[in-house]
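Each chain gets a letter, A, B and so on, in the order its sequence line appears, and its residues count up from 1.
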There are 2 protein chains.
Amino acid sequence: MLRMPPGRVRRVIRQAVRGRPRRVRLDNDQRRAQLLALARAAFSDRAYDDVSIDDIAREAKISKGLLYHYFPTKRDLYVAGLREIAADLVQAVTSVPPNLAPIDQARAGLDAYLDHITRHARAYVSLMRGGIGSDPEVAEVVEGVRTQLADTFVKDQPFAPLLAGNARFETTVRGWIGFVEHATIDWCVHQRMSRDDLRELLVEILFGIMKAALPPVFRPTLS
Amino acid sequence: MLRMPPGRVRRVIRQAVRGRPRRVRLDNDQRRAQLLALARAAFSDRAYDDVSIDDIAREAKISKGLLYHYFPTKRDLYVAGLREIAADLVQAVTSVPPNLAPIDQARAGLDAYLDHITRHARAYVSLMRGGIGSDPEVAEVVEGVRTQLADTFVKDQPFAPLLAGNARFETTVRGWIGFVEHATIDWCVHQRMSRDDLRELLVEILFGIMKAALPPVFRPTLS
DNA sequence: TCAACTATTGACTTATGGTCAATACGGACG
DNA sequence: CGTCCGTATTGACCATAAGTCAATAGTTGA
């Protein structure tokens with residue numbers, strides 16, 4: 001196999017060449033941001049195992065060694081990208097105008113959720129399908145998103161204070177999140193209904209489920 | 001590195017040793033079954049990447065080459081094991097006594113589901129978390145389980161014939177499956193309630209959700 | 001005893017994640 | 001202008017694990 005000459009020798013060679021490609025130096029933050037962006041793109045449209053570190057290094061026009069200087073393992077790079085994707089989604093959903101009526105709050109949140117997902121479908125799938133099975137850090141990110149979304153949708157609802165810590169209620173909230181995820185993915189795949197119809201369905205289900213999960217005593221409180 | 005002597009030479013050596021381990025020959029089906037069992041066990045308690053083909057070959061006391069004779073890739077081995085796990089789960093849920101009242105049918109199915117899961121928790125997690133992110137065959141298996149379970153729980157219900165093909169209904173069914181999965185996983189992790197309480201919650205939610213998903217005209221039909 | 005069939009082997013290749021000592025670039029300072 | 005120093009950058013190298021294949025050993029029947 002052909003082996004590149006060592007650095008010093010090569011420099012001489014390159015200096016003899018007109019218009020040689022100068023080595024590009026970026027500062028820490030710029031380089032890190034560039035690599036993260038490339039990683040997000042790569043991991044969003046290929047499976048984890050189908051993305052090689054060499055690919056990303058090549059796209060960034062840097063050596064693999066430098067990439068490892070910024071992200072000590074492939075997993076770290078992946079998780080860092082995933083965290084950004086997760087943060088974007090949570091950001092989109094939580095930055096909905098406050099002081100709406102409870103049901104409109106939910107509507108607005110779900111609108112933001114569906115909107116964000118349609119605009120970043122691949123990233124969403126790579127987030128929720130959890131590219132690496134059973135990696136604790138990945139699981140932590142995904143769980144974090146679920147918890148934050150659950151909080152967002154439930155905390156301002158009238159029934160929430162009555163039920164904090166109630167096992168049935170907590171389980172139901174988690175379940176509703178599962179409902180939303182699966183219904184959304186199904187919707188992405190099959191396109192069976194309009195986005196507005198889906199949003200209304202999810203809102204109705206949210207209130208319907210919560211009513212069903214309440215201990216009977218509290219039910220009159222609701223509607 | 002020490003290199004093993006070629007077969008013929010080694011045979012002579014072995015023959016000189018008292019009680020040498022004879023090479024074990026199994027027929028095709030036995031060997032395949034053995035490897036599948038080992039694979040299921042391995043992939044159930046370690047992540048896909050943490051299971052090496054050499055490990056499994058070592059456990060089976062065979063060479064790696066032979067393993068590749070039975071399963072042409074690691075993925076094939078993994079998927080074959082996954083299919084078995086999936087079939088077991090579906091089998092458990094569908095083999096519930098027929099001719100029960102609709103709500104008891106659902107109850108019995110969910111009982112079987114939760115029972116099977118508690119007895120095969122690791123396999124269930126490795127199934128649902130989808131060990132390999134975004135592998136089409138894996139996705140197909142998981143989707144297949146969901147579809148079959150959904151059919152099982154919905155096909156005998158009184159509202160089903162009214163709604164076949166209805167987009168809202170189909171989406172809701174998928175969502176309910178998501179609800180069940182997430183609530184179940186949450187229950188496995190936190191152990192916040194008894195299995196019976198969870199089962200009752202899931203049944204109530206199933207009927208509550210379906211009612212909410214029905215177009216208003218049909219609702220009186222139900223309760 | 002031999003031939004044919006098939007289960008089995010293990011050395012080899014290849015791909016890729018990860019390491020590290022050496023190097024090039026740019027600025028500060030005399 | 002030179003030269004020292006900090007840091008971004010390199011590329012050869014290593015280690016591991018997936019996957020290949022020609023050769024071998026055990027079995028069965030004539």
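- Between the CZ atom of B:F71 and the P atom of C:dA7 there is a distance of 14 Å, given to the nearest Å.
- If you take CG of A:D76 and P of C:dG17, they are 14 Å apart, rounded to a whole angstrom.
- In this structure, the NZ atom of A:K74 is 14 Å from the C1' atom of D:dT16, given to the nearest Å.
- Of the inter-residue distances, the one linking B:F43 atom CZ with B:I85 atom CD1 reads 10.0 Å to the nearest 0.5 angstrom.
- For A:K64 against C:dG18, a side-chain N or O and a base N or O form a donor-acceptor pair under 3.5 Å.
- What separates CG of A:D50 from C1' of C:dT16 is a distance of 13 Å, to the nearest Å.
- For A:K74 and A:Y48, the positive end sits near the middle of the six-membered ring, less than 6.0 Å away and at most 45° from its axis.
- Residue contacts shown for B:S63 include a base, since a base heavy atom lies under 4.0 Å away.
- Using a 3.5 Å distance cut-off with no hydrogens or angles, the side chains of A:R40 and A:S126 do not pair a donor with an acceptor.
- Comparing A:G65 and A:V51, the nucleotide of DNA chain C nearest to each residue sits closer to the 5' end for A:V51.
- In this structure, B:R58 atom CZ and D:dA18 atom P are separated by 11 Å, rounded to whole Å.
- Among the protein residues, A:L66 comes within range of the nucleic acid bases, having at least one heavy atom under 4.0 Å from a base atom.
- Within the structure, every side-chain polar atom (N or O) of A:R75 is placed at least 4.0 Å from both OP1 and OP2 of C:dG17.
- Taking side-chain N and O atoms only, A:Y68 has no distance below 4.0 Å to OP1 or OP2 of C:dC20.
- For D:dT7, neither phosphate oxygen OP1 nor OP2 lies less than 4.0 angstrom from any side-chain nitrogen or oxygen of A:N28.
- Note on A:Y70: only backbone sugar-phosphate atoms sit closer than 4.0 angstrom, heavy atoms only; bases stay farther off.
- Checked against C:dT9, D:dT9, C:dG17, the side chain of A:L26 finds its nearest nucleotide in D:dT9.
- Residue A:I62 contributes atom CD1, which lies 7 Å from atom P of D:dT10 at whole-angstrom precision.
- Of all non-hydrogen atoms in A:G81 and A:L36, the two that sit nearest each other are N-CD2, 3.5 Å.
- With values rounded to the nearest 0.5 angstrom, A:T172 atom OG1 is found 13.5 Å from A:F179 atom CZ.
- Rounded to an integer number of Å, the gap from CZ of A:R46 to P of C:dT16 is 11 Å.
- Between B:H69 and A:D54, it is B:H69 whose nearest contact on DNA chain C lies nearer the 5' terminus.
- Per the geometry, CD belonging to B:Q30 stands 15 Å off C1' belonging to C:dT8, to the nearest Å.
- Closest to the B:R31 side chain, of the nucleotides D:dG19, C:dT8, D:dT9, is C:dT8.
- No donor-acceptor contact under 3.5 Å links the side chain of B:R25 to the base of D:dT27.
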